[in-house]
Structure formats: C-alpha cells, structure tokens
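Some notes on the structure that comes next.
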Amino acid sequence: MTHNVFALMRDRVVAALAAIVPDLPPEVAARVEVTPAKDPAHGDMATNAAMVAAKPARMKPNEIAAGLVAALAGEADIAEAAAAGPGFVNLRLTAAAWQSLLPGILRAGEAYGGSDVGGGVRVNVEYVSANPTGPLHIGHCRGAVVGDALANLMTKAGFAVTKEFYINDAGNQITALSWAIYWRYLQAVGTGLSEEEYSNEVPGGLQYRGEYLIPVAEALVAAHGAGLATAEKGIAAPEQWLEIVRETGMAMMLGSIREDLAVLGVHHDVFSSERALAARGATDVTIAQLQDKGLIYEGVLEPPKGKTPDDWEPREQTLFRATQFGDDVDRPLRKSDGSATYFANDIAYHADKIGRGADILIDVLGADHGGYVKRMTSAVKALGGQLDVLLCQIVHVLKDGQPLRMSKRAGTFITLRDLLDEVGPDAVRFTMLTRKSDAQMEFDINQAVAQTRENPVFYVQYAHARCRSVLRAADEMFGAANTSAESLAGVALESLDDAAELAVLQRLASWPRAVEAAALAREPHRIAFFLYDLASDFHMLWNRGREDAALRFLRAEHVAESRAKIALVAATAMVLRSGLAVMGVRPVEEMR
RNA sequence: GCACCCGUAGCUCAAUUGGAUAGAGCACCAGACUACGAAUCUGGGGGUUGGAGGUUCGAGUCCUUCCGGGUGCGCCA
C-alpha cells in the first residue's frame with residue numbers, strides 16, 4: 001500500500017492513455033510523469049503523458065490531452081481536468097480527496113514517506129574515511145553529514161543500507177604519525193634533543209607537529225614509563241617502540257575521531273581497516289583476479305603533459321587497464337619497492353565490500369579526490385560491481401563576514417569539534433545540507449546560530465515547536481482522548497477547505513514522492529528544502545489565523561472543526577520530525 | 001597542457017532530473033502585534049540563467065566551443 005498520491009494518479013493516467021493509444025510501448029509509458037503543479041493556477045498536479053505519447057502514437061499532443069481530459073474529468077475525486085500549454089493535462093483534486101489522505105498519514109506515523117523503491121537492494125555507503133592521523137576538521141564535516149543523511153534517506157526509500165568507515169591505517173603516513181607521537185613522548189620523558197635534531201633523525205622529517213598528540217604521549221608514559229627511550233632519553237631503535245607507538249596512536253586517534261562523530265550524531269555500522277585487509281592478503285588476491293581477466297600488464301606511463309614532476313623518469317610498473325573502463329590512463333598498482341599502492345588496496349577493499357553482499361557501492365569523497373573517481377569506478381566496473389561517487393566540494397567558513405582560512409600554519413585550523421562547540425550539531429547538519437553537495441558552499445557561522453528566518457534550521461525547528469505548542473494547548477482544551485493520534489485518524493475533515501490548509505495537506509501528500517526522488521538522485525539536500533517549504537506553508541497557515549478567526553486551530557466552542565485542524569497540525573509535526581530524522585537533526589518541543 | 005566540479009536577482013542558494021511565465025531568503029521599499037509564540041507574516045521593485053552556436057514540440061538542465069572560479073594530475077593517502 002503506497003501513500004504516494006502522485007504515483008497512484010500516474011497509474012490511472014497511464015491506464016487512460018493506454019485506452020487512447022492502443023499499442024502503447026512500455027518505454028513510452030515509463031516516461032509518463034505526474035508531478036505537483038509548479039503554479040497553483042495550473043491545478044494540483046500535471047502530467048506530460050500527451051506529449052511523450054504524441055510521437056509514437058502519431059497523434060497531436062492536444063488530441064491525446066483532450067482524450068485524457070475526457071477520461072479523467074468524470075472521476076469522483078477529480079474536480080477539474082484541463083489541457084494546457086503544449087499538451088499538459090492539469091488536474092485539480094477535490095478537497096475531499098486531499099482530506100482523505102490525512103488519516104493514512106496519521107496512522108503511518110513517522111514511517112509515512114517511506115517506500116519500497118529501493119526494493120531491498122543492498123547499498124554500502126562509505127563516508128568520512130579520514131586518515132587517523134589527527135582530529136577531524138571542517139573538510140571532513142560535509143562528507144560526514146552528507147553520507148549519513150544519504151544513508152538514512154536510502155534506508156527510508158527501501159534500500160538495505162550499511163554505513164561504513166574505511167580506516168586508512170596502512171600507509172607511510174601512519175609511520176610518520178608514529179614518529180611524531182614518539183617526539184611528544186621523548187619530550188614528556190625529558191629528552192635533551194631539540195625539535196630540529198629530532199626531525200633530522202626521522203625518515204622523511206618530522207610531520208604532524210600538533211599538540212593533539214600530547215595526550216597520546218602521556219598515555220605511553222603512563223603505560224611504559226621511560227622504557228621506550230634510551231637511558232639518556234634519546235631515540236631508541238624503532239623495533240623497540242614503533243609498533244607499540246603505532247598501536248596506541250591509532251587506537252587513540254580513531255577513538256577521538258569516533259567521539260567527534262558521535263557528537264555530530266554520526267554512527268557507522270562497520271569500520272574496515274586497510275591494514276587488516278592487506279595483512280590477510282586481500283590485495284594480492286584482487287590483483288590476481290584482475291590478472292586472470294587480462295586487465296593487468298607491465299608498462300611505462302607517459303609523463304603528464306604541462307606539469308612534469310621534477311624527478312620524473314620512465315619506469316616500468318604494474319598497471320591496471322583503467323582505460324578499458326573509461327579512465328584517461330592506466331593506473332599503477334605497485335610502488336617501485338613492490339608494495340601495493342593505495343589504489344591497489346582500495347580496489348581490494350571495494351572487492352571486499354562487494355564480497356560482503358553490497359549490490360551498489362557509494363563513496364562519499366572530498367573534492368580533492370575528484371581525480372580519483374574515474375579510476376575507482378573503472379576498477380569496480382572491472383570487478384563486475386557498481387560504484388557511485390558523491391563528491392563534496394569545499395566548504396568556506398565565514399565568521400563575522402570574514403573567511404576563516406583552513407591553514408595549519410596560520411593557526412586558523414578549524415576542527416570539527418570547534419565548529420560543533422560553537423554552532424551545535426543540529427545547525428551544523430542542517431546547514432551542511434542546504435546546498436547540493438557538488439557545489440561549493442559558504443558556511444556562515446553567524447547565520448547558522450541566528451534565531452531568524454534567514455536561518456533555515458531555526459525556521460524549520462520553529463515550525464515544529466509551534467505545532468507542538470498547539471498540540472499541548474489542544475490537550476488542555478479538549479483532553480487527550482480527543483487529540484490522540486488514533487482518535488484524530490477518525491475525525492471528520494470536511495472543514496479543512498481553506499487554500500492555506502489545503503496547501504499544507506498537499507505538501508504533506510508530496511512527502512513520499514520527495515523521499516523517493518531524493519533517494520534515487522542521491523541528493524539528501526532536497527529533504528532540507530522540502531522541510532523548509534513545509535515549514536513555510538505551516539507558518540503561512542498560522543498567520544492566516546490572525547486575520548481570520550475561523551482558521552485558528554483551537555476554538556473551544558467548535559470542537560469538530562478544531563479536531564480536524566489538530567489532525568492537520570499533528571500530521572505536520574510528524575512529517576517534520578520524520579524529515580529531520582533523515583537529516584539527523586533533533587526536533588525541539590519549544591524554542592528557547 | 002589534460003581531466004573532473006561549479007557559474008542562476010546586489011549577496012547566499014533552489015529549480016520536481018528535458019516541461020508551462022526561472023523561484024526562496026538576505027538586503028531595499030511599503031504595510032500588519034487584543035493570539036494556540038510577531039523569533040512571524042503580507043505586498044512591491046530586482047534576470048539576455050557567464051558568452052556564442054547546436055539538438056527538439058520545449059533547454060538553467062543535453063552536445064560543441066570560448067571565458068571565469070575551484071580541485072586534481074606516475075611509485076601521497
């Protein structure tokens with residue numbers, strides 16, 4: 001049983017069309033849409049059926065439209081059907097038809113809006129996947145929110161979703177991190193070395209100079225005393241400390257990342273370790289698989305045109321034939337020392353996700369990984385899978401009208417935790433979802449905390465708080481027995497016939513369609529805009545009550561009308577809650 | 001140089017995935033508080049959708065090309 005009134009009407013339109021066009025090809029029927037009207041003057045909904053069928057049927061759009069109008073105009077729930085423009089058929093439903101949807105919405109509760117378009121297809125959404133070398137910063141935040149909301153959204157649309165975090169714990173940077181932690185450790189035990197002297201002893205030099213590593217050093221001191229250094233508090237042989245420092249550092253970095261994510265409200269189902277994957281030989285197995293498919297060869301790549309690296313020299317490498325799957329060049333799988341590249345491990349990881357049963361893989365990546373998309377989608381294609389990548393573009397943070405540059409050197413490094421402390425998780429999440437993810441965005445801190453309409457978070461929260469306020473007052477006025485969800489689902493609704501009331505009702509009715517469309521397009525930001533529109537409709541209705549007493553929600557002497565309006569308010573609050581839940585934003589009972 | 005993303009009102013962004021007269025908020029102008037919350041609402045001005053071609057019944061959306069901004073470009077992850 002679907003609550004999607006547009007989908008139901010679409011079926012009827014297709015049936016009517018099939019009666020007019022005898023041999024309607026299925027692919028033409030598939031293109032028929034019933035969409036909410038953009039302009040209220042056009043009615044409630046419109047269909048493009050006549051236009052898409054015109055060519056294959058060798059009829060004029062207007063003829064078909066006239067036939068559809070004739071067929072649909074007589075239906076009991078259709079108040080008006082009219083052909084318009086180049087061949088649209090506009091439909092206006094009766095008020096009763098809209099009203100009749102309300103009980104179903106109330107009975108469905110927060111499940112309303114869910115659908116089965118996903119068909120239980122198993123989707124693995126991988127997001128955040130930060131290197132565990134430091135705290136999460138603003139750059140990670142957008143991906144975290146978008147990935148989490150997308151996963152929620154697809155779950156609501158009927159996909160079987162796994163939320164996954166890939167731990168990049170296998171590369172050189174983890175060794176570099178260990179050396180950086182060890183420097184903090186030596187400082188903690190009172191070394192006589194200077195930072196420069198130490199850095200000269202580190203392979204590749206000292207990186208990660210941040211103070212966030214001090215607690216790790218303290219933990220090492222607590223567990224091992226000065227035993228990881230030489231007796232003179234100098235650098236001991238790496239065999240004596242590197243693995244210990246790495247393990248402790250990884251655990252603590254990952255722990256702090258997970259804490260930050262928890263504050264943001266992000267919780268992954270699965271954490272996968274690159275190191276563990278490689279250790280069990282997954283990379284070699286995957287490379288062998290590709291080898292068997294004839295997709296691997298030893299070859300020499302051309303140097304990139306325009307910008308040749310200084311140390312470039314031709315070198316034979318193990319290459320994956322990415323060009324066969326749409327990439328620009330073939331990609332190396334092994335470094336010159338024979339170890340696997342990040343890409344090779346990542347192919348193995350994606351193969352692992354497929355092996356665990358994922359039908360569709362989705363990676364949510366930062367804009368700086370844009371150049372990586374083609375090779376990864378190529379690799380997954382080679383494995384026989386499907387990978388969709390969502391690129392999240394850069395976020396520029398504004399405070400007091402000034403851009404905060406992301407620069408560790410300048411000391412204006414903004415951690416996710418800083419942002420959460422200042423703005424709060426709800427405003428961060430909502431604001432991050434008010435733009436398409438593939439467009440750059442400005443995050444204005446002042447606006448995100450503002451208690452005004454220009455802040456969509458506030459505007460939507462306020463609408464929900466107003467609903468709750470009405471419902472609390474309703475309880476008091478009429479008693480809980482008259483305002484429970486069950487009793488409201490049976491209430492008479494004919495009195496809900498004002499344009500403002502019907503606008504809210506129609507918006508509520510389009511919620512399932514909005515969820516489906518957003519999920520299929522992988523665009524969670526649409527939920528934010530839907531909620532904003534719903535909030536706007538509700539605020540408008542509220543305000544109409546000022547001018548017209550008959551539109552006030554609660555009137556003690558008009559019990560029946562009041563209960564109908566309470567049902568509308570209860571449904572509005574419920575859809576707002578359910579949309580906020582997709583976004584991972586908590587609804588509030590009152591504004592403070 | 002090449003690849004990918006973006007370019008829409010003065011500003012920040014939408015646009016039901018190819019649909020009708022391109023919409024909101026901010027800012028600007030003019031209005032509305034005796035309530036279940038005016039932290040809100042109503043009305044108004046503001047556009048050659050970066051430029052130019054093309055595809056078709058129909059283009060902000062698709063194709064080509066140019067301009068501008070961003071990201072990346074063999075053994076980093």
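All values below were derived from every heavy atom in this structure, side-chain atoms included, with hydrogens, water molecules and symmetry-related copies excluded. In the text below, chain A, chain B and the rest are named by the order of the sequence lines, each starting its count at 1.
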Item checked: For atom NZ of A:K436 and atom P of B:rC5, their distance in whole Å -> 12 Å
Note to self: Roughly how many Å apart are B:rG69 and B:rU12, using the P atom of each and rounding to a whole number?
What the structure shows: 16 Å
Notebook entry, point to check: Considering only B:rU40, B:rA77, B:rG19, which nucleotide approaches the side chain of A:F458 most closely?
Noted result: B:rU40
Notebook entry, point to check: What does A:H369 touch in the nucleic acid at a heavy-atom separation under 4.0 angstrom: a base, only the sugar-phosphate, or nothing?
Noted result: base
Checklist line | Per A:P304 side chain, nearest of listed nucleotides B:rU40, B:rG74, B:rU16 | finding: B:rG74
Next item on the list: Starting at atom CD of A:Q440, determine the distance to atom P of B:rG68, rounded to an integer number of angstrom.
Entry: 17 Å
Margin query: Quick check on B:rC75: is either OP1 or OP2 less than 4.0 Å from any side-chain nitrogen or oxygen of A:W312?
Written below: no
Note to self: Just to be sure I understand the rule, does A:A84 reach a base, reach only the sugar-phosphate, or reach nothing, if contact means heavy atoms closer than 4.0 Å?
What the structure shows: base
Checklist line | Dot-bracket pairing map - RNA chain B, Watson-Crick plus G-U, both contacts under 3.5 Å, | cross-strand | finding: (((((((..((((.....[...)))).(((((.......))))).....(((((..]....))))))))))))....
Next item on the list: Look at all strands and tell whether A:R513 reaches a base, only sugar-phosphate, or nothing, counting heavy atoms closer than 4.0 Å.
Entry: base
Item checked: Electrostatic pair A:D498-A:R552, nearest N-O below 4.0 angstrom -> no
Margin query: So if I take every side-chain heavy atom of A:N168 and compare against B:rG74, B:rU12, B:rA77, which nucleotide ends up nearest?
Written below: B:rA77
Item checked: Atom-pair distance (CZ on A:F530; C1' on B:rU16), nearest Å -> 12 Å
Notebook entry, point to check: So which one's nearest nucleotide on RNA chain B is more toward 5', A:T47 or A:E313?
Noted result: A:T47
Next item on the list: Ignoring backbone atoms, test whether A:Y459 places a side-chain nitrogen or oxygen under 4.0 Å from the OP1 or OP2 oxygen of B:rC41.
Entry: yes
Checklist line | Check: A:M591 and A:R466 side chains under 4.5 Å, non-hydrogen atoms | finding: no
Margin query: Against the six-membered ring of A:F320, is A:R331 placed for a cation-pi contact (under 6.0 Å from the centre, within 45° of the normal)?
Written below: no
Item checked: Nearest-angstrom distance, P atom, B:rG23 to B:rG45 -> 13 Å
Checklist line | Short side-chain N/O contact to B:rU34 OP1/OP2 from A:R552, under 4.0 Å | finding: no
Next item on the list: Establish, with yes or no, whether the OP1 or OP2 oxygen of B:rC36 is under 4.0 angstrom from a side-chain nitrogen or oxygen of A:H539.
Entry: no
Item checked: Between P of B:rC75 and CG of A:N345, the distance in whole Å -> 14 Å
Item checked: Same-atom distance (C1') from B:rU61 to B:rC73, integer angstrom -> 29 Å
Note to self: Using side-chain heavy atoms (C-beta onward) and a distance below 4.5 Å, is A:P36 in contact with A:M45?
What the structure shows: no
Margin query: Side chain of A:K374 only, heavy atoms from C-beta on: which candidate in B:rU71, B:rA3, B:rG19 is closest?
Written below: B:rA3
Checklist line | Among B:rC13, B:rA77, B:rC57, the nucleotide that comes nearest once only the side chain of A:P86 is considered | finding: B:rC57
Check: Checking all strands, does A:F529 fall into the base, sugar-phosphate, or nothing category for heavy-atom contacts under 4.0 angstrom?
Finding: sugar-phosphate
Next item on the list: Write down the distance separating the C1' atoms in B:rG58 and B:rC11, rounded off to the nearest Å.
Entry: 32 Å
Check: Looking for any heavy atom pair under 4.0 Å, which part of the strands does A:M477 touch: base, sugar-phosphate only, or nothing?
Finding: nothing
Item checked: Length of the CG-P vector between A:D39 and B:rA24, whole Å -> 11 Å
Notebook entry, point to check: Should we count CD of A:E316 as having more than 12 external heavy atoms under 6.0 Å?
Noted result: yes
Checklist line | Between B:rG72 (P) and A:D438 (CG): distance, integer Å | finding: 17 Å
Margin query: Please classify the nucleic acid contact of A:S536 as base, sugar-phosphate, or nothing, using heavy-atom distances under 4.0 Å.
Written below: nothing
Next item on the list: Could you tell me whether A:A367 contacts a base, only the sugar-phosphate backbone, or nothing, with contacts defined as non-hydrogen atoms closer than 4.0 Å?
Entry: sugar-phosphate
Notebook entry, point to check: Using atom P of each nucleotide, how far apart are B:rG70 and B:rG31 to the nearest Å?
Noted result: 45 Å
Margin query: I want to confirm an ordering. Mapping A:E590 and A:A340 to their closest nucleotides on RNA chain B, which one lands closer to the 5' end?
Written below: A:E590
Notebook entry, point to check: Looking for any heavy atom pair under 4.0 Å, which part of the strands does A:E523 touch: base, sugar-phosphate only, or nothing?
Noted result: base
Checklist line | A:E313 with A:R315: basic N within carboxylate O range, under 4.0 Å | finding: yes
Next item on the list: For A:F343, answer base if it contacts any base atom (sugar-phosphate contacts may also be present), sugar-phosphate if it contacts only those atoms, and nothing otherwise; contact means non-hydrogen atoms under 4.0 Å.
Entry: nothing
Margin query: Against the six-membered ring of A:Y297, is A:R321 placed for a cation-pi contact (under 6.0 Å from the centre, within 45° of the normal)?
Written below: yes
Notebook entry, point to check: Roughly how far, to the nearest 0.5 Å, is CZ of A:R435 from CZ of A:F529?
Noted result: 6.5 Å
Note to self: Please classify the nucleic acid contact of A:V373 as base, sugar-phosphate, or nothing, using heavy-atom distances under 4.0 Å.
What the structure shows: nothing
Next item on the list: Could you check which of B:rA20, B:rA77, B:rG25 has an atom nearest any side-chain atom of A:Q173?
Entry: B:rA77
Check: Which part of the nucleic acid does A:Q393 contact within heavy-atom distance under 4.0 Å: base, sugar-phosphate only, or nothing?
Finding: sugar-phosphate
Margin query: Given B:rA20, B:rU12, B:rU42, identify the nucleotide with an atom nearest to the side chain of A:F88.
Written below: B:rA20
Checklist line | pair A:I167-A:S272: side-chain heavy atoms closer than 4.5 Å | finding: no
Checklist line | Polar side chain donor-acceptor pair, A:E298 to A:T318, under 3.5 angstrom | finding: yes
Next item on the list: Decide if atom CZ of A:R472 counts as having more than 12 heavy atoms of other residues, nucleotides or ligands within a radius under 6.0 Å.
Entry: yes
Check: When the P atoms of B:rG47 and B:rU40 are considered, how many whole Å apart are they?
Finding: 28 Å
Notebook entry, point to check: How long is the line joining CG of A:D533 and C1' of B:rG23, in whole Å?
Noted result: 10 Å
Notebook entry, point to check: Taking the C1' atom of each, how far is B:rU16 from B:rA24, in whole Å?
Noted result: 15 Å
Next item on the list: Classify the nucleic acid contact of A:A474 as base, sugar-phosphate or nothing, counting any heavy atom under 4.0 Å across all strands shown.
Entry: nothing
Next item on the list: Report yes if at least one side-chain N or O of A:K38 is closer than 4.0 Å to OP1 or OP2 of B:rG19; otherwise report no.
Entry: no
Note to self: Looking at the base of B:rA77, is there any donor atom on it, or on the side chain of A:D346, that sits under 3.5 Å from an acceptor on the other one?
What the structure shows: no
Note to self: Base, sugar-phosphate or nothing for A:G370? Non-hydrogen atoms, less than 4.0 Å.
What the structure shows: nothing
Next item on the list: Write down the distance between CG (A:N48) and P (B:rU56), rounded to a whole number of angstrom.
Entry: 19 Å
Notebook entry, point to check: Does a side-chain N or O from A:N172 land closer than 4.0 Å to OP1 or OP2 of B:rA77, or not?
Noted result: yes
Checklist line | Proximity to RNA chain B (any heavy atom under 4.0 Å), residues of residues 326-336 of chain A only | finding: A:D328, A:P332, A:K335, A:S336
Next item on the list: Side chain of A:Q317 only, please: which of B:rC75, B:rA20, B:rC36 is the nearest?
Entry: B:rC75
Notebook entry, point to check: Are A:Y462 and A:H539 close enough that their ring centers fall under 6.0 Å?
Noted result: yes
Next item on the list: Decide if the gap between the ring center of A:Y459 and the ring center of A:Y532 is smaller than 6.0 angstrom.
Entry: yes
Notebook entry, point to check: Roughly how far apart, to the nearest Å, are B:rA52 and B:rC67 at atom C1'?
Noted result: 11 Å
Check: Is the number of heavy atoms from other residues, nucleotides or ligands under 6.0 Å of A:E27 CD greater than 12?
Finding: yes
